[in-house]
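What follows is a set of notes on a single structure, which appears directly below.
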Amino acid sequence: MKIKQYVVWLAVIGLVVGFGLWGCAKKEAAPIKIGGIFDITGPTSAVGKDYAQACKDAEQYINEHGGVNGRKIQLIANDYAYKIPEAVNLYKQYKDVDKVFVIQGWGTGDTNALKPHINKDKIVYISASYDSKLDDPSKTPYNFYVGTSYSDAIRLAMKFIKDTFNEMFPDAGNRAPRVVFIYPDHPYGKAPIPAGKKMAEELGIKVGPDEIVGLRAIDATSQLLHMKEFDPDWAWVGGTTPSTSVIVKDAAKLGLRTKFISNVWGFDENLIKLAGEAGNDRIYGMAPFAFWGEDVPGMKAAMEAAKKTNPEASHTVRYIQGWSAMMVMWEGLKRADKAGELNGPGLKKALETLKDFDTGGLTAPVTFTPTDHRPNTSLRIFKMSNNKLVPVKSVSIEREARFLGW
Amino acid sequence: MPSGLFHTNYEDDEKILQTLWLKCWMWGFLVFLFVVFPNVASSLSAIFGINVLHMANMIGIFIIGAHGLNILTGFTGQISLGHGAFMGVGAYTSGILFMKAGWPLWLSLPAAGLVTAAVGMIFGVPSLRLRGLYLAIATMAAQFIIEYTMRNWTSLTGGSAGLNIDPPVIAGLALDTDKRYFYLVFVLVVASTLFLKNLLRTKTGRAFVAVRDRYLSAEIMGVNLFKYRLLSFGISSFYVGVAGGLFAHYNMIISDEHFTMWLSIQYLAMVIIGGLGHVLGGIFGTIFMVLLPELLRIPSQALSNVYPNIFAIFGTLRELVFGVVIILFLIFEPDGLAARWHTVRAYWKLWPFSY
């Protein structure tokens, strides 16, 4: 009996001391916590995994390169499988339990769903959704993204179609270009469509009926056959790389003459593998970021960080996207820390001082102001040719006030 | 002298709380739930690393829904694969009435229940002819039809972008924090549990059980099969509609993504894991199903911090473990958690004599 009691007491003391030490150890380091909401298993995981990995690697890189003026950061990364309810769940967890003031988020649906929460809680939310609805600070003061907005991308695509029409379709004569929009019935797919249609109307482009192709589609034949009745010159594709490759492969099978132009998430290095021959000279892409391994000054750091976690790693443009989001956040955190305001409103203010912030060519220079959260309005258009992604044209659009927020 | 529980009349036998001890425990539990728990929840969150109050609210909301499905599946013996969508009907009804028509919560929430009950009864009509798997497929049609409507009636529901809903205001107090909402949810949880418990002691409840056990004998005894099957669908949907309304105001955003087939299956899993045909079953099963994925996140999050290069794998590991745990549960605990609870309780009651 005596021995038993002794053992129990020892265990209790051990636990108390252990927890105490653990608590102290945690206090000493006190890293800046950052929430991470990523898609690793959901319908956009094909592009989400690499993005998440980049954020995780960037965390390590930042900590090894001085952190935030000496303080480390800790990225709490979780998978939400592209489900809005799960994102809301994680958001509450990060806000109430981990007490973060900045979150690296993901999708259009969930980021938009969280808008009221974000505004109320004053948490800076950097998303991988470049939805224009997130760039008007009078409505969404705490939302940021690094990249060219979907709406500006679709406007640029329409301009590109109009400008190059006679050259690319010489036998079309004087008629107006014909365009259809193919996208998944999801906030991400639908977000830029009104902007695209408005731009098409302004430019005198004829718009055909929309086609819905899901993110996990494995066949798009019926949609493409339906589209064929309108016989468009161009089709805008808002999807991810797998769904885009399904569309171009089926288009090749059906022998369509239509050319496809894809939103940023549908066009990356994997397209060469997924679409194969069918993609050549058929698919064009809006590319706001440098591709993996491109010869730009900022690429070296990213490639080294990736090599460190996995020596055989080969990544895609998604890695650069995640990396850029983390680098811009890092710069913001450093500036906020210098101003002595390491919190949500402080970080927001710090990010709004970024003017032509150079990411080393990974993306166009980033500018945020208190009245405009559009990071930039230019990108490059690529096409797939000879099983390679080759640049076609650099395009940019005026930072017009009327395009803010939609 | 009688020892243990020995009833000499029918009223005693039918009492919900049969002993003084049980009454004390119950009051103690309620005091803990409403007075102590909300105040210590934030410290609990810090210790366990999960958002305790938020989890409690989610559990509360889903308990109401699970009670609803338990009435239908556990007590009346009708399978429904449409309860996820019915919850959506409640959520959109309450949300739209609250946001667009300006109704207060105390009107929009019952309205959500009533509209859902009506919808549920419409889809319950085939239950006269169909049973078992056939009925399951018929209710699955409800799932698809309602989901399609939620997604495509954009002017009303906001389509796939969802609908933003403000937190409700009761007597000038905005229920916009987890703690305030907790009281609303748990008053309704207690009320719905009490109603369910009492329903089973009425003629209606006994008719439900008779229909479940052997519908032919029930009909011969004079139970109107169609009436009670439909009523069961109605009450069940009312419950799940109210749960949907609560969910809408709590989450502040609803979209068709919330109310998919997966939610219907989760509801079924809740009542099966908890115990079909037990009032406690809905409660235990919901706690299990809501907490398990949260608890599984902690190790996967910790591992992904230790091994950043294979971090992507741990995200998927959670889903796998979730599946495995449910399979193991069904193998080793087929009668559900409620049955295990009764065994444990009986053991302690009789201890140290096991007979």
Side-chain angles (χ1 to χ4, degrees), chain A residues 19 36 38-42 45 48-50 52-53 55-57 59-60 74-99 108-110 112-117 120 131 133 184-191 306 308-311 313, chain B residues 41-42 44-55 57-58 151-152 154 158-167 176-178 247 250-260 262-263 290 293-294 297-298 300-302 304-305 307-320:
Chain A
F19 269 104
F38 301 116
D39 182 10
I40 297 166
T41 56
S45 57
K49 261 189 221 162
D50 218 19
Q53 186 68 57
C55 292
K56 213 59 199 153
D57 291 351
E59 173 203 20
Q60 229 177 343
Q74 185 196 349
L75 177 69
I76 311 162
N78 275 300
D79 171 38
Y80 86 112
Y82 214 50
K83 291 185 199 133
I84 294 176
E86 186 60 29
V88 175
N89 234 355
L90 282 173
Y91 175 83
K92 290 203 165 185
Q93 163 89 11
Y94 292 150
K95 184 193 84 181
D96 293 333
V97 180
D98 298 313
K99 312 249 185 270
T108 304
D110 35 283
N112 276 302
L114 286 168
K115 273 190 307 202
H117 289 281
K120 201 182 102 199
D131 182 0
K133 285 197 262 332
D185 185 9
H186 204 276
Y188 156 62
K190 288 159 95 171
K308 209 160 179 190
T309 44
N310 185 0
Chain B
S42 62
L44 287 178
S45 306
I47 295 169
F48 293 116
I50 56 170
N51 199 341
V52 174
L53 214 47
H54 171 64
M55 282 300 123
N57 284 339
M58 291 301 258
R151 178 170 279 252
N152 288 298
T154 315
S160 57
L163 186 70
N164 277 308
I165 293 160
D166 293 340
D176 55 356
T177 64
D178 284 359
F247 181 80
Y250 180 60
N251 235 12
M252 289 166 68
I253 167 89
I254 45 170
S255 74
D256 59 300
E257 263 181 57
H258 287 86
F259 310 110
T260 52
W262 171 235
L263 182 62
V290 175
E294 281 309 300
R297 210 185 53 229
I298 297 171
S300 84
Q301 191 177 298
S304 70
N305 274 331
Y307 305 102
N309 51 333
I310 41 173
F311 129 85
I313 294 170
F314 295 113
T316 50
L317 210 59
R318 182 167 75 119
E319 313 248 311
L320 186 127

Q: Could I get the full list of side chain to side chain contact (heavy atoms under 4.5 Å, CB included) partners for B:T177, not counting sequence neighbours?
A: B:K179, B:R180
In terms of heavy-atom proximity below 4.5 Å to chain B, should [X] be classed as side chain, backbone, both, or neither?
X      : result
A:Y91  : neither
A:I76  : side chain
A:P85  : both
A:K99  : neither
A:K190 : side chain
A:L114 : neither

Under 4.5 Å heavy-atom distance to chain A, tell me which part of [X] shows up: side chain, backbone, both or neither.
X      : value
B:H258 : both
B:S45  : both
B:D256 : neither
B:N251 : both
B:D166 : neither

Q: State which residue, out of B:N57, B:N51, B:L53, fulfils the side chain to side chain contact (heavy atoms under 4.5 Å, CB included) condition with A:K92.
A: B:N51
Q) Among A:N89, A:N112, A:T108, who wins on heavy-atom pairs under 4.5 Å with chain B? A) A:N89
Q) What residue, out of A:H117, A:K95, A:E86, has the most heavy-atom pairs lying under 4.5 Å from chain B? A)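 Between A:H117, A:K95, A:E86, the count favours A:H117.
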Q: List in chain and number order the residues that pass ring-ring contact (aromatic ring centres under 6.0 Å, His included) with B:F259, two or more places apart in sequence or in another chain; answer none if no residue qualifies.
A: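 B:F259 satisfies ring-ring contact (aromatic ring centres under 6.0 Å, His included) with B:F247 once adjacent residues are dropped.
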(Q) Heavy-atom count check: over 12 atoms from other residues, nucleotides or ligands less than 6.0 Å from A:K115 NZ? (A)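 Above 12, so yes.
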Q | Top contributor to chain A interface from B:E294, B:M252, B:R151 [non-hydrogen pairs under 4.5 Å] | A |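 Among the listed options, the one with the most contacts to chain A is B:R151.
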(Q) Which heavy atom of B:N164 sits nearest to which heavy atom of A:P116, and what is that distance? (A) OD1-CG, 3.7 Å
Q: To the nearest 0.5 Å, tell me how far B:S255 OG sits from A:K83 NZ.
A: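 Between B:S255 OG and A:K83 NZ, I get 12.5 Å after rounding to 0.5 Å.
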